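Reading through the structure tokens given below for one structure.
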Amino acid sequence: MDEETHEWIREYIAAVPAGSVASYGDIAALAGASNPRIVGWVLKEDGFDLPWHRILRADGTVAVHKQQEQLDRLRAEGVLAKDSKIDMKVYRWDPDSRTN
DNA sequence: AGACTGACTCTAG
DNA sequence: CCTAGAGCCAGTC
């Protein structure tokens, strides 16, 4: 695993604003990760400092053990989950909209 | 090196 | 809508 890619993944995840969400595939593509799984791996490694709760699967579902808690966090940020699922088409983070 | 697992994604039934 | 299978890459044993 390249440290550069590793950092990029963390940067992009950290760049996701509250009220928006992103999928593993999105982060992987943006960070240049070989596969979405790499993003999940990075989150597991250094996700403690990152808003990993804003990272969902492509379907908008949360695959973690504490999904209920994550959905609650997202709800607090303005992301309303529909039956443990998120409207990706609505809340999906648009990288082009990021105003660094 | 070989085999298993996983915070993923896609396609098919 | 839900389940099953395959592809993918990195980590661990």
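Naming: A, B, ... by sequence-line order, numbering from 1 per chain. Every value quoted in this text rests on a predicted model; they were computed, and no experiment measured them.
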Quickly work out the A:D26 CG to B:dT9 P distance and round it to whole Å.
-> 8 Å
How long is the line joining CD of A:Q67 and P of B:dC8, in whole Å?
-> 12 Å
Measure the spacing between CG of A:D46 and CH2 of A:W41 and express it to the nearest 0.5 Å.
-> 8.0 Å
Taking the side chain of A:V64 as heavy atoms from C-beta outward, which of C:dC9, B:dA7, C:dG11 is closest to it?
-> B:dA7
Starting from C1' on B:dG6, measure out to CH2 on A:W52 and report it in whole angstrom.
-> 15 Å
Separation of B:dA7 P from A:R54 CZ (nearest whole Å) = 21 Å
Measure the distance from CG on A:D59 to C1' on C:dC2 and round it to the nearest whole Å.
-> 12 Å
Does A:V64 reach the side chain of A:W52, with side-chain heavy atoms less than 4.5 Å apart?
-> yes
Considering only heavy atoms from C-beta outward, does the side chain of A:V42 approach that of A:T5 to under 4.5 Å?
-> no
Would you mind reading off the distance between A:M1 atom CE and C:dT12 atom P, rounded to a whole angstrom?
-> 13 Å
A:K85 has its side chain closest, among C:dC9, C:dC2, B:dA7, to C:dC2
Atom CD of A:E3 and atom P of C:dG11: how far apart are they, to the nearest Å?
-> 10 Å
Short side-chain N/O contact from A:S23 to OP1 or OP2 of B:dC8, under 4.0 Å = no
Which value, rounded to the nearest 0.5 Å, describes the distance between A:I13 atom CD1 and A:I55 atom CD1?
-> 5.0 Å
d(CD1, A:I38; P, C:dC8) in whole Å = 14 Å
Any idea which of B:dC10, B:dA7, C:dC9 is nearest the A:A58 side chain?
-> B:dC10
Partner nucleotide, any strand, of B:dA7 [Watson-Crick/G-U, under 3.5 Å] = none
Of the listed nucleotides B:dT9, C:dC8, C:dA10, the one nearest the side chain of A:N35 = C:dC8
Sorted by chain and number, sequence neighbours left out, side chain to side chain contact (heavy atoms under 4.5 Å, CB included) with A:A18 holds for A:R54, A:E77
Considering only heavy side-chain atoms of A:R37, the closest of B:dA7, C:dC8, C:dG11 is C:dC8
Closest nucleotide among C:dG11, B:dC8, B:dA7 to the A:W41 side chain | C:dG11
